[in-house]
Number of protein chains: 2
Amino acid sequence: MQKELQYVHMDKQARQISRAVTLKDVAAAAHVHVSTASRALNPATRGMVADDVVERVRMHARELGYRGDPLAASLRTGRSMLVGVLVPDIANPLFSPILGGINEILNAQGYYTIVSDAGTEQDAQLDLVDALIGRRVDGLILATASRNDPVVNHCLERNVPIVLVNRSEATQRAPAAVSDDVLGMKLSVDHLIELGHRRIAHLGGPQHISTGYLRRVGFEMAMENHGFPRDGLTMEFASAYTREAGHKAAKMILLKHPEATGIVAANDLLALGIYQALQELGRHCPGDVSVVGHNDMPFVDMVQPPLTTVRIGHREMGVEAARLLVRELRRETAARMNVVLAPTLVERASTARPNHGIGMRS
Amino acid sequence: MQKELQYVHMDKQARQISRAVTLKDVAAAAHVHVSTASRALNPATRGMVADDVVERVRMHARELGYRGDPLAASLRTGRSMLVGVLVPDIANPLFSPILGGINEILNAQGYYTIVSDAGTEQDAQLDLVDALIGRRVDGLILATASRNDPVVNHCLERNVPIVLVNRSEATQRAPAAVSDDVLGMKLSVDHLIELGHRRIAHLGGPQHISTGYLRRVGFEMAMENHGFPRDGLTMEFASAYTREAGHKAAKMILLKHPEATGIVAANDLLALGIYQALQELGRHCPGDVSVVGHNDMPFVDMVQPPLTTVRIGHREMGVEAARLLVRELRRETAARMNVVLAPTLVERASTARPNHGIGMRS
DNA sequence: CTGAAAGCGCTTACAG
DNA sequence: CTGAAAGCGCTTACAG
């Protein structure tokens, strides 16, 4: 107690973040009422003020170095020009270009972006969202959504505009900008088939996330298309999109299905886990097993062997997500809309014709 | 104009972010004055209120789902429990563990963190900082500092508590948590010397940033220590910490100094640029040239060849930076302090004994 | 220990 | 076109 009081005291003497000039100062200098000064400075209300007055006010504002107080404005208006962005793991370089694209659009519209590492715990995510709402964010972009996401629910209930990016929900309750995950898997599978592979396995991602789910479905559909019935397919699932989880699941595949000559992973990190597993088992890529990733994340072209993977326009995805949010923020009464980007395949050295001596045996 | 008014109108009918319950509501429910309710709910002032009243207020607050309004509180107190963190490039995975460490400490102290990609343009950085100050951040952690940084200047002038992380200034105007860059280079050089290298070049980083500058100095000192005079050293400098800039500078070294058998890079990204240059020139690592990186960033163990590099405790660095900031925020009157972490060398496959047929000439 | 009042810095109906 | 007033939701000296 005593200690706290002491701090408070020290605060008072030391704290001097000199944010001096207020609207009142500007108004006094320009000899107008504070309300007139406010109108003159705000582009949206500037029209209500006589031109010469506007000029005078702006001049004094400039001279005094007036910066406004977004906090006070937000308290009054309920708006903040702030957009919150939630990512599941800021350490994942995958999200950087998405964030870049989001920023580009939002900044151009005058919005300022707060990105938060939301982690994967649901309660923490909800708390975080509440904190952001408390800060009056005008809207939220979620890169964290599961196929049935409680945060989405929460925001919908509280009527906070949201947009999903990269991951969508099972039921389209919110606009989303995503990659065509099914198409991505078709590209991957077709590529291996074309190289001559027939024993193709899938290393899937978490099934409660759209990317994991849809890529699995896409794998099944593509394989079925080539005459491989769904119930005969080899699939293992990683519990998370990490190298470690990928490594573990990859071992299962390689041990239980040594006949597989190709593995299509739901994500690059998972693919790197396959590399690790192959190495431990003394098997080679692409000599023994071809590997396809997904995302084309940074550095994946420099690993050994350079990874064949599905390239997604992540930056563009961010751009589209931001555009969708701007529409929401304007409450434009348009139909709910999703943006689905078409990915492409990047062929590198982790895929090759199967080794027939081994691969073709039934 | 008309259009804008229309939006405003739509806003009014649609906007219903139902942030209902205020302190007033709680006070009414508990039959106390709003000021009493405020005191009862705030741990720091709770002692001023009778225990039973505290209980009653808290109960009603809980029942009503009262969440408080940080914005209003900040406007009144000037404090926000918000800390801004500026990184030069959120896409660089290097910063993730730093951010993780910062968050861990700050969250535990009740602070909420806003991380912003500050880019490299000075004006934009200053604007960003002003925006954050306008939002009443209590302090700032900068991972962006140059050796003489205008943002640091700006914050110092406005008396905003700051701490530097990863990069320090030339004159210690603000507390910093950094790695011992000079030691890191000594580790790298000693390692190559021990392997038998004598023709060792340095691929340096930007010299206006402490890491680039100090690693260069560290290289010079370490080489001098082994009997190589400073003015005879081979050094090229990359204009930025990117693979591309590294690639360009690496070519200069390799073309102008084909006799070099080892290159010590100021950073892993730069080292990857060397890989690229070597490949283009048909030379091999480590067969022809050994390469040492700096940072041990993610995935650098999976490139070909796995990179020998200097490992920095990035997470710990973030932790220490956050601790320094907490000290600043409390205005504890202690001496200015820097935390300098000792790095370690991680030997992988990019370094080997030099090829004597070529390397030892003149 | 509690209440009444002022005020943080804005914006915006309401008058004129 | 401009001013005066109210109020966003809090915190905190000031009285009692």
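Residue numbers begin at 1 in each chain, while the letters A, B, ... track the order of the sequences. Values below: every heavy atom of this structure, side chains too, minus hydrogens, waters and symmetry copies.
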*Can you tell me how far P of D:dG9 sits from CG of B:Leu23, to the nearest Å?*
11 Å
_In this structure, how many angstroms lie between the P atom of D:dC10 and the CZ atom of B:Arg67, rounded?_
12 Å
_Candidate nucleotides C:dT2, D:dT12, C:dC8, ranked by approach to the side chain of B:Leu75 - the nearest_ = C:dC8
*pair B:Val165-B:Val178: side-chain heavy atoms closer than 4.5 Å*: no
*Could you give the distance from CG (A:Leu41) to OG1 (A:Thr36), rounded to the nearest 0.5 Å?*
11.5 Å
*Could you tell me the separation between the CZ atom of B:Arg79 and the P atom of C:dG9, rounded to a whole number of Å?*
15 Å
*Round to the nearest Å and state the distance from B:Arg76 atom CZ to C:dA6 atom P.*
13 Å
*Does C:dA4 have a Watson-Crick or wobble mate here (both distances under 3.5 Å), and if so which one?*
none
*asked:* Side chains of B:His60 and B:Asp25: any donor to acceptor distance under 3.5 Å?
replied: no
*B:Arg323 side chain to B:Gln109 side chain, donor-acceptor N/O pair below 3.5 angstrom*: no
*Measure the distance from CG on A:Leu41 to P on C:dT11 and round it to the nearest whole Å.*
8 Å
*Establish, with yes or no, whether the OP1 or OP2 oxygen of D:dG9 is under 4.0 angstrom from a side-chain nitrogen or oxygen of B:Thr22.*
no
_What's the closest nucleotide to the side chain of A:Ala72 if the choices are D:dT2, C:dG9, D:dC10?_
C:dG9
_Nearest-nucleotide pick for B:Ser35, side chain only, options being C:dT12, C:dG3, D:dG3_ = C:dG3
*For B:Arg135 and C:dC8, what is the distance between atoms CZ and C1' respectively, to the nearest whole Å?*
16 Å
*Please tell me which of the listed nucleotides, C:dT11, D:dA4, D:dG9, lies nearest to the side chain of A:Arg39?*
D:dA4
*Spacing of B:Met48 atom CE relative to D:dT11 atom P, expressed in whole Å*: 12 Å
*Would you mind telling me which of C:dA4, C:dT2, D:dC1 lies closest to the side-chain atoms of B:His33?*
C:dA4
*Closest heavy-atom pair and its distance - A:Leu23, A:Tyr66*: N-CE1, 3.4 Å
*So what does A:Thr77 touch, heavy atoms closer than 4.0 Å: a base, only the sugar-phosphate, or nothing?*
sugar-phosphate
*Measure from the side-chain heavy atoms of A:Val32 and tell me the nearest of C:dA4, D:dT2, D:dG3.*
D:dG3
*Could you check how far CG of A:Asp25 sits from P of C:dC8, rounded to whole Å?*
11 Å
_Residue closer to the 5' end of DNA chain D, B:Asn42 versus B:Leu71 (nearest nucleotide)_ = B:Leu71
